[in-house]
Q: 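Before I ask anything, here is the structure I am working with.
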There are 2 protein chains.
Amino acid sequence: MRIGELAKQVGCDVETVRYYEREGLIAEPERDQSGYRSYGVSHLETLQFIRHGRSLGMKLVEIRQLLNFRHHPDGDCSGVDALLDVQLERIEEQIAAMGTLKEQLIALRAECEQRQTNRGCGIMRSLNQAVQIRQCPCHRDESV
Amino acid sequence: MRIGELAKQVGCDVETVRYYEREGLIAEPERDQSGYRSYGVSHLETLQFIRHGRSLGMKLVEIRQLLNFRHHPDGDCSGVDALLDVQLERIEEQIAAMGTLKEQLIALRAECEQRQTNRGCGIMRSLNQAVQIRQCPCHRDESV
DNA sequence: GCACACCCTGTAGTAGCTACAGAGTCAAGA
DNA sequence: TCTTGACTCTGTAGCTACTACAGGGTGTGC
């Protein structure tokens with residue numbers, strides 16, 4: 001199959017497929033007599049693997065590691081498990097950080113309830129201050 | 001004050017200050033006789049404003065808008081309020097998306113409980129499948 | 001006079017694509 | 001047979017918000 005068909009099957013862009021090839025994530029395919037890339041099932045599978053990982057928020061370096069494990073099917077899968085654990089840890093950290101950010105934004109938003117000029121707006125006044133723990137409304141509750 | 005002092009006061013890198021200048025976020029400062037940038041209080045305040053916004057997850061385009069509002073102190077601050085509301089909306093969306101991702105990762109992680117080869121590992125087997133709603137364990141509960 | 005910290009400009013790199021330009025190829029219809 | 005449109009090719013530049021040099025000049029304290 002040609003690159004357009006492949007991209008369609010996995011639901012990504014043609015350019016993305018070529019990008020993965022350049023990055024060495026998928027093997028260089030054969031070319032037909034016109035110089036067009038010609039893909040087989042194994043390419044499709046690898047590409048699905050990559051896109052599946054990406055859909056779970058994995059980075060390409062991590063997917064590269066997983067592909068490495070995949071090339072050693074008889075190896076112990078503890079590396080895979082560890083990689084997943086790292087993903088989970090990271091996403092939990094991100095969720096926590098975002099939660100903090102949300103609280104900060106809510107506190108800041110509350111500084112301007114009624115219509116004001118930009119000069120008088122509590123949000124603008126707060127932003128004009130340095131980020132200081134326990135000083136500006138959005139960073140008031142932050143721990144030191 | 002010189003760039004090093006300025007950067008220290010707001011807690012960012014010297015290169016970042018120069019970057020903001022290139023981007024037009026802070027005004028070009030005067031130069032002393034050696035060609036060194038010479039900053040005043042207004043530069044410090046603008047930089048604090050920018051860093052404060054960044055610490056709240058705002059993008060530079062958004063901060064640019066806020067700086068614009070700041071240049072019109074007598075204007076109505078509804079634009080500021082709206083911008084904050086967009087921030088909040090965005091972060092709530094992100095938190096929700098991350099929550100989904102976390103559930104997916106947990107489901108995937110559960111596919112491999114005991115030690116296996118890479119070939120037999122439930123995680124690897126799932127990743128080999130296409131991302132299919134209600135088909136792979138991590139995307140089983142996703143809505144269509 | 002020297003060492004060392006600071007400053008300058010300009011350029012390249014990061015992540016993961018996306019979006020062209022400019023050219024070639026293929027298949028179907030008039 | 002000619003043309004049209006969809007596809008493919010390579011190579012390069014752009015996106016975000018910095019960060020990290022290289023290679024050079026300047027300022028200060030001892």
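Chain naming here is simple, since letters A, B, ... match the order of the sequence lines and numbering starts at 1 in each.
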Q: To the nearest Å, give me how far apart CD (Gln33(A)) and P (dT8(D)) are.
A: 15 Å
Q: What is the distance from atom CG of Leu56(A) to atom OG of Ser126(B), rounded to the nearest 0.5 Å?
A: 10.0 Å
Q: How would nucleotides 11-18 of chain C be written as a contact map, 5' to 3', with B for base contact, S for sugar-phosphate-only contact and - for no contact, using protein heavy atoms under 4.0 Å?
A: -----BBB
Q: Can you establish whether the number of heavy atoms outside Glu23(B) located under 6.0 Å from its atom CD is more than 12?
A: yes
Q: Would you say Arg18(B) places a side-chain N or O within less than 4.0 Å of OP1 or OP2 belonging to dC8(C)?
A: yes
Q: Check nucleotides 4-6 of chain C against the protein and report each pair of N or O atoms closer than 3.5 Å, with its distance, or say if there are none.
A:
none

Q: Please list every donor-acceptor pair under 3.5 Å in which a side-chain atom of residues 3-18 of chain A meets a protein atom from a residue at least two apart or in another chain.
A:
unit_1   : atom_1 : unit_2   : atom_2 : d
Glu5(A)  : OE2    : Gln9(A)  : NE2    : 3.1
Asp13(A) : OD1    : Glu15(A) : N      : 3.1

Q: Would you kindly check if the NZ (Lys) or CZ (Arg) of Arg2(A) is within the cone defined by 45 degrees around the ring axis of Tyr39(A) and under 6.0 Å from the six-membered ring centre?
A: no
Q: Grab the OH-P distance between Tyr39(B) and dC7(C) for me, whole Å please.
A: 10 Å
Q: To the nearest Å, how far apart are Asp32(A) CG and dG24(C) P?
A: 17 Å
Q: For Tyr19(A), check ring pair (Phe, Tyr, Trp, His ring centres under 6.0 Å) against everything at least two apart and list the hits.
A: none
Q: Would you say Arg31(B) places a side-chain N or O within less than 4.0 Å of OP1 or OP2 belonging to dT26(D)?
A: no
Q: Give a yes or no on whether Phe69(B) and Ile50(B) share a hydrophobic cluster (residues Ile, Leu, Val, Met, Phe, Trp, Tyr; joining criterion: side-chain heavy atoms under 4.5 Å apart).
A: yes
Q: Mind listing the side-chain donor-acceptor pairs of residues 80-93 of chain B below 3.5 Å, one per line with the distance, residues two or more places apart or on another chain?
A:
unit_1   : atom_1 : unit_2    : atom_2 : d
Asp85(B) : OD1    : Arg109(A) : NE     : 2.7
Gln87(B) : OE1    : Arg90(B)  : NH2    : 3.0
Gln87(B) : NE2    : Glu62(B)  : OE1    : 3.0
Gln87(B) : NE2    : Glu62(B)  : OE2    : 3.3
Arg90(B) : NH1    : Glu62(B)  : OE2    : 2.8
Arg90(B) : NH2    : Gly57(B)  : O      : 3.4
Arg90(B) : NH2    : Glu62(B)  : OE1    : 3.3

Q: Could you state the atom-to-atom distance from CZ of Arg37(A) to P of dT25(C) in whole Å?
A: 15 Å
Q: Under 3.5 Å, side-chain donor or acceptor atoms of residues 95-108 of chain A against the rest of the protein: list the pairs with distances, not counting sequence neighbours.
A:
unit_1    : atom_1 : unit_2    : atom_2 : d
Thr100(A) : OG1    : Ala96(A)  : O      : 3.2
Gln104(A) : NE2    : Glu142(A) : OE1    : 2.9

